[in-house]
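For this chain, numbers begin at 1 and follow the sequence in order.
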Amino acid sequence: LEYGKPIYLPVDEKHPVSPISNYGKQKNIITNYCIRLAKTRGLKSVILRTSNPYGPHLHETKSEYNIINKFIDQFIRNKEIYLFGDGSQVRDYLYIEDLIDLLVLLTKKNIAQGMIFNIGGGKGYAIKETAREIIKQLHKGRIKYKKWDKQTLAVESGNYISDISLIYKTTGWVPKTSLKQGI
């Protein structure tokens, strides 16, 4: 997460950027590089800061950045998943088809060049509620809770919800798929 621990919710594009994980730091380096290339070389680009995309996927070995797919993969095998703390951490999820619709819109219309947008579902869900919804739909799976370890807690971003009003005002795009439908 490029923003680091949110100071306020929902997070808009004016929120301070202060990544706490190497992943977030790398994303921020790429963002700054694209902005620099746009200014110095005329690179046509739009930066999308997406929150937790999920949907059909190819290979589960790379699911560590995709919590919903990871839960589904585990629950299909009737395995338990572990949630840190009480599982009340809030996340904003975005179904992949909705993200693809936005990418196509931005490409076809050639709009929003040089802008940064937060892209998500625009709603927050507790991780434990997300896991429970998956269990409800699959009719299998178990949740276990565990204490935060020092390393994981150090990069825990806290609650996150995307403010998607700027992308809506600029393009008219809003996600169409509810979390329940996407699962």
How many angstroms lie between NZ in K79 and CZ in F71, if you round to the nearest 0.5 Å?
15.0 Å
With side chains defined as the heavy atoms from C-beta onward, is the minimum distance between [X] and [Y] less than 4.5 Å?
X: L179; Y: I68; answer: yes
X: D149; Y: F84; answer: yes
X: I96; Y: P56; answer: yes

Look at the side chain of [X] and the backbone N and O of [Y], then say whether any donor-acceptor pair between them is shorter than 3.5 Å.
X: N52; Y: Y93; answer: no
X: S51; Y: D92; answer: yes
X: K140; Y: F75; answer: no
X: N78; Y: G141; answer: yes
X: E129; Y: A126; answer: no

Measure across [X] and [Y] and return the closest heavy-atom pair with its distance rounded to 0.1 Å.
X: Y23; Y: L1; value: CD2-N, 4.0 Å
X: L166; Y: I116; value: CD2-O, 3.8 Å
X: T171; Y: I167; value: OG1-O, 2.7 Å
X: V11; Y: N118; value: O-ND2, 2.8 Å

Is it true that atom [atom1] of [X] has more than 12 heavy atoms of other residues, nucleotides or ligands lying nearer than 6.0 Å?
X: E80; atom1: CD; value: yes
X: K136; atom1: NZ; value: no
X: K27; atom1: NZ; value: yes
X: K5; atom1: NZ; value: yes
X: R142; atom1: CZ; value: yes

Between E2 and T31, is a side chain to side chain donor-acceptor pair (under 3.5 Å) present by the stated rule, with each step listed?
CA-CA 9 Å; E2 275 183 86; T31 293; 3.0 Å; yes
Specify whether Y8 and H15 have parallel, tilted or perpendicular ring planes, treating 30° as the upper limit for parallel and 60° as the lower limit for perpendicular.
tilted
Any salt bridge between E156 and R91, counting N to O under 4.0 Å?
yes
Aromatic ring proximity Y82/Y145, centre distance under 6.0 Å:
no
